[in-house]
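Proteins come first, then strands; the chains are lettered A, B, ... in the order of their sequence lines, and each starts at number 1. If you're wondering where the values come from, they're calculated on a predicted model, not measured in any experiment.
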Amino acid sequence: MIPELATRPIVSSSDRDREQRLHSMVSDHFDAVWRGLRRLGVPAAHVDDAAQQVFLVASRRLDTIKSGYERRYLLGIALRIASEARRALRRRNEVPIDETIGLSASEGSRQPDQALDDKRMRALLSSILDGMPDELREAFVLFELEQFTGPEVAEMLGVPLGTVSSRVRRAREAVRRALAERPGER
Amino acid sequence: MSELRRWSEDGATPSELALLQASRRERPPSSARARTLGALGVGFGALASMTTAAGTAGGAAVLTKVVGVTLLLGGATVGGIVWQSRVHSPNVAETTGPHRPQAAVAAGTSASFAQRTVPPPGATMEIETSTPKTAARGPKSAPPRMAVGTLSIEVAALERVRDALAARDFDVALGALDRYQARFLAGDLAPEATVLRVEALLGRGDRALAAATANDFTAKHPESPYASRMQRLVRDEQNH
């Protein structure tokens with residue numbers, strides 16, 4: 001047996017570099033990951049856990065993540081985790097519960113009317129996205145909401161750029177139709 | 001097909017733009033970020049380095065950021081303690097005790113930190129397969145659960161390996177590793193699993209196979225900290 005296994009401390013400069021990089025990734029990209037997961041269909045009650053899981057997975061693969069590509073990598077993991085979450089919901093025949101009515105601290109710091117409007121708009125957007133096929137939803141969220149470029153989305157989804165363009169346009173049409181069907185929205 | 005442009009530049013109506021902007025304005029609660037930092041175990045070590053950097057740079061802005069993050073992490077730590085107190089799995093307690101295998105603490109961000117995952121109040125992570133003890137011992141009033149992927153299953157599988165290593169049941173550990181690797185061919189925790197395999201082989205006295213396993217991993221991942229970790233284990237055992 002190896003007697004020193006249980007006692008030897010392992011703290012090296014590379015460990016500290018890892019920690020710093022992880023810390024920076026969370027600081028810089030947590031908002032985008034969390035928001036992306038919400039828009040990709042992870043229920044509000046589970047989105048914190050899911051975001052945490054994204055970073056846990058990324059930490060395992062930290063050595064393979066190229067500098068400057070962190071956000072893309074993280075959202076790629078988020079896509080997979082959100083897809084699993086949607087499948088789990090479907091297996092259970094659950095309907096995702098939309099945004100809660102309460103305002104978060106960051107929203108409370110803005111004008112109350114605008115915060116409430118934002119809340120309503122996001123609830124509306126969530127319901128529209130929930131009604132979309134997954135492939136349209138993913139393309140729309142990545143391109144229109146998280147502002148990745150077309151080629152980046154194509155790489156993340158593993159599809160040609162033309163397919164991304166087609167999906168984004170179809171998703172826009174779905175959003176437009178859903179808005180038009182709501183009385184007083186147009 | 002024409003070039004894909006943003007909807008905002010391609011005929012979106014005010015209602016549609018408002019929808020996009022409301023989404024982009026959304027921010028997570030700060031506690032969620034703090035919990036993730038806590039779960040990753042990167043808070044205080046990174047802070048120490050950041051403080052040093054701030055000192056050399058003399059940047060007040062950086063210091064302000066450090067203080068802010070410190071406050072956040074204080075919350076995360078409290079949350080972590082609360083969460084730990086709610087976890088009844090004996091595995092968790094064991095792996096934080098003195099008999100915890102070294103691989104579990106290697107690199108500071110190894111498999112162990114998944115056990116420190118701190119869910120938000122009212123949410124629960126579910127391990128869907130062979131961890132009935134953990135699931136069964138959850139609070140009766142727990143809200144509906146949700147599967148959050150395979151990582152939790154991998155963590156549970158490697159926990160069984162660590163338990164076996166701690167009990168010096170090296171054959172049991174290797175059997176559990178075979179099952180893990182059969183199930184998760186390219187699992188997220190595959191490097192940790194390989195480290196544990198090297199440990200188990202060394203513990204069983206199979207130095208040649210342990211060295212071969214470590215060398216194979218090193219050849220494929222020469223820059224990985226796990227590779228140096230494995231090589232160190234083999235080298236130390238040979239010198240022992």
Taking every heavy atom of A:Ser27 against every heavy atom of B:Arg33, the minimum-distance pair comes out as O-NE, 4.4 Å
Taking every heavy atom of B:Ser15 against every heavy atom of A:Met121, the minimum-distance pair comes out as O-CE, 3.7 Å
Minimal heavy-atom distance between A:Asp31 and B:Arg27, with the atoms involved, is OD2-CD, 3.1 Å
For B:Leu4 and A:Arg169 the tightest heavy-atom approach is CA-NH2, 3.9 Å
Applying side chain to side chain donor-acceptor pair (under 3.5 Å) to B:Asp171 and not counting sequence neighbours gives B:Arg204
So A:Asp63 and B:His221, do their side chains get closer than 4.5 Å, heavy atoms only? no
Under 4.5 Å to a heavy atom of chain B? For A:Leu62 that would be neither
Those residues at least two apart in sequence (or on a different chain) that pass ring-ring contact (aromatic ring centres under 6.0 Å, His included) with A:Tyr73 are none
- Answer yes or no: is there a side-chain heavy-atom contact under 4.5 Å between A:His23 and B:Leu37? yes
Shortest non-hydrogen pair, A:Arg176 vs B:Gly11, comes out as NH2-O, 3.1 Å
| said: With a 4.5 Å cut-off on side-chain heavy atoms, are A:Glu19 and B:Leu40 touching? | reply: no
Expected contact set for residues 141-150 of chain A against chain B at heavy-atom separation under 4.5 Å reads A:Phe143, A:Glu144, A:Leu145, A:Gln147, A:Phe148, A:Thr149
Validation row: B:Leu19, A:Ile128 side chains within 4.5 angstrom (heavy atoms): yes
Check this for me: does any side-chain nitrogen of one of B:Glu16 and A:Arg172 sit under 4.0 Å from a carboxylate oxygen of the other? no
With sequence neighbours left out, the residues meeting side chain to side chain contact (heavy atoms under 4.5 Å, CB included) with A:Ala139 are A:Leu157, A:Arg167, A:Val168
